[in-house]
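Input: a single structure, listed below in structure tokens.
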Amino acid sequence: MADTFTVEAVLKASGADKFADAFKNAANSVEGIEKSTQGLTMGKLVGAIGITAALSKGFNMVKDSVGRAFGRIDTMEQFDRVMTTMTGSSKKAESVLNEVNDTVKGTAYGLDVGAKAVQGFVTSNMDVDKATATFKSWGDAVAFYGDGTSETLGSVTDALAKATAKGKIQMDTMNVLAENGIPAMQIYADATGQSVQDVADLMADGALDAEKFIDVMNDAMQNGTKNFESIDGAAKEAGASWTGSFDNMKAAVARGVIAIIQNIDDMLADNGLCRRGDVLHCRG
């Protein structure tokens, strides 16, 4: 029952109930057009239907974002716990999360994807600042060479985190990158003045150091190489495309719903109804 009341509160706080009223009004307007206009043209009809459909999609976007928002809050709460433990400072953990948020803002990527990626890098023994820089670089790579989705970015960063933990890049890691459209072997070879076969031989011998590989790739993607241009900022550029704009809109709505839920959490905590910051407890 508490879950129901919380969701209802979130929907009202987010204006979803007003969105529903607007949708009904739009539908009535379409009916009015049909009744009052004898010579309704196809253009007018398409326009009327388009407005109604847009409102419906907008309402569904807000509604669907509620569930995603709870999941993202859980991810970020875990990130805060882990990063505070790893760095020994809650302020540093907050600073890192803010940096990740700045990186994903204006892109099609969700904050939870960024938090999970950076956490994965850090728990694989990567420096915190390098972890945030690596997330940005590979976010640009996925946007430029791949499909620019959060799912692909999650797959790529997970493969890199596992390689970092092992200490070396092997063919399974390179295959994940290649399958997602990133010509990592070619870029690395170009950046280091080697042939692709040289790089393949290094991997076969277990001698391609993961730390060096990521350092070289981060620099290559930011500054370019002889044959590969810089892709710095590609994720934000992709966020401005038609496809990216819709994904960016979904991410922005989810961030807005997260803020609403956190404000409700604070309000309940101020009234002694739950522990501040403990969203799961508030929902229970």
Side-chain angles (χ1 to χ4, degrees), residues 96 99-100 102-109 113-114 117-118 120-122 124-241 243-244 247-248:
V96 173
E99 187 173 349
V100 174
D102 289 340
T103 299
V104 301
K105 193 173 293 182
T107 74
Y109 304 135
V113 174
V118 171
F121 287 143
V122 172
S124 297
N125 205 31
M126 185 183 290
D127 175 75
V128 175
D129 293 329
K130 180 178 176 179
T132 55
T134 300
F135 169 70
K136 180 186 180 303
S137 292
W138 290 92
D140 286 335
V142 169
F144 189 85
Y145 294 109
D147 61 8
T149 64
S150 290
E151 291 75 15
T152 297
L153 180 56
S155 174
V156 166
T157 53
D158 180 62
L160 291 170
K162 289 176 180 175
T164 301
K166 291 179 184 176
K168 55 187 176 182
I169 301 293
Q170 296 178 305
M171 189 55 74
D172 58 344
T173 303
M174 203 66 81
N175 284 340
V176 171
L177 303 180
E179 287 167 3
N180 287 297
I182 303 172
M185 189 179 294
Q186 291 88 338
I187 295 173
Y188 183 82
D190 195 49
T192 55
Q194 301 178 82
S195 68
V196 171
Q197 186 59 53
D198 290 335
V199 178
D201 290 342
L202 281 174
M203 284 193 297
D205 294 338
L208 185 52
D209 182 73
E211 183 176 358
K212 180 182 177 181
F213 174 81
I214 290 176
D215 285 341
V216 168
M217 290 298 294
N218 285 356
D219 182 73
M221 288 185 287
Q222 182 175 5
N223 300 309
T225 66
K226 180 179 179 180
N227 296 300
F228 291 91
E229 64 180 290
S230 167
I231 58 172
D232 186 39
K236 290 190 184 293
E237 289 179 13
S241 68
T243 301
D247 289 338
N248 190 10

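Hydrogens, waters and symmetry mates are skipped; everything else that's a heavy atom, side chains included, is used. Source: prediction; values computed, not measured.
- Between the side chain of Tyr109 and the main chain of Leu153, no donor-acceptor pair closer than 3.5 Å is present.
- Taken from CD1 in Ile214 to CE in Met221, the straight-line distance is 9.0 Å, to the nearest 0.5 Å.
- Between Ala108 and Ser150, the shortest heavy-atom distance links the atoms O-OG, 3.5 Å.
- With hydrogens and angles ignored, the 3.5 Å screen pairs no side-chain donor or acceptor of Lys236 with any backbone N or O of Asp140.
- Between the CG atom of Asp205 and the NZ atom of Lys168 there is a distance of 10.5 Å, given to the nearest 0.5 Å.
- Nearest heavy atoms, Ala163 versus Ala210: O-CB, 3.6 Å.
- Using modelled atom types and a 3.5 Å distance limit, the side chains of Gln186 and Asp190 yield no donor-acceptor pair.
- Minimum heavy-atom separation, Ala238 to Ala143: CB-CB, 4.0 Å.
- With hydrogens and angles ignored, the 3.5 Å screen pairs no side-chain donor or acceptor of Thr225 with any backbone N or O of Ala191.
- You'll find the ring centres of Phe135 and Phe121 outside the 6.0 Å limit.
- How far CD of Glu211 is from CE of Met126: 8.0 Å, rounded to the nearest 0.5 Å.
- Side-chain contact between Leu177 and Trp138 is present, with at least one heavy-atom pair separated by less than 4.5 Å.
- Interatomic distance, CE of Met203 versus CD1 of Ile169, reported as 9.0 Å (0.5 Å rounding).
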>> Run the side chain to side chain contact (heavy atoms under 4.5 Å, CB included) test on Val104 and Val113 for me, step by step, so that the C-alpha distance in whole Å, both residues' side-chain angles and the decisive distance to 0.1 Å come before the verdict.
In response: CA-CA 9 Å; Val104 301; Val113 174; over 6 Å; no

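- Between the Thr152 side chain and the Gly148 main chain, no donor and acceptor come within less than 3.5 Å of each other.
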>> Evaluate Asp147 against Thr149 for side chain to side chain donor-acceptor pair (under 3.5 Å), listing each step before the verdict.
In response: CA-CA 6 Å; Asp147 61 8; Thr149 64; 3.0 Å; yes

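- In this structure, the side chains of Leu202 and Gln194 come closer than 4.5 Å at one or more pairs of heavy atoms.
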>> Apply side chain to side chain contact (heavy atoms under 4.5 Å, CB included) to residues Asp232 and Gln222 and explain how you reach the verdict.
In response: CA-CA 5 Å; Asp232 186 39; Gln222 182 175 5; 4.3 Å; yes

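- With sequence neighbours left out, Thr134 forms a side chain to side chain donor-acceptor pair (under 3.5 Å) with Asn218.
- In Lys162, the NZ atom is not crowded: 12 or fewer heavy atoms of neighbouring residues, nucleotides or ligands sit closer than 6.0 Å.
- Minimum interatomic distance between Ala117 and Thr157 (heavy atoms only, all atoms of both residues): CB-OG1, 3.6 Å.
- For Thr164 against Ser124, the heavy-atom pair with the smallest separation is CG2-O, 3.4 Å.
- Separating the CD1 atom in Ile231 from the CD1 atom in Ile187 is a distance of 6.5 Å, to the nearest 0.5 Å.
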> Hey, mind stepping through Thr132 and Val96 against side chain to side chain contact (heavy atoms under 4.5 Å, CB included) and telling me if it holds?
Replying inline: CA-CA 7 Å; Thr132 55; Val96 173; 3.6 Å; yes

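- When all heavy atoms of Asn180 and Ser155 are compared, the closest pair comes out as ND2-OG, 3.9 Å.
- The backbone N or O of Ser195 sits less than 3.5 Å from a side-chain atom of Asp198, completing a donor-acceptor pair.
- In this structure, the side chain of Asp219 does not engage the main chain of Asp215 through any donor-acceptor pair within 3.5 Å.
- Side-chain contact check for Val156 versus Leu160: some heavy-atom pair is nearer than 4.5 Å.
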> Can Tyr188 and Met174 be said to form a side chain to side chain contact (heavy atoms under 4.5 Å, CB included), step by step?
Replying inline: CA-CA 11 Å; Tyr188 183 82; Met174 203 66 81; 5.9 Å; no

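- Here CE of Met185 is found 7.5 Å from CG of Asn175. Values are rounded to the nearest 0.5 Å.
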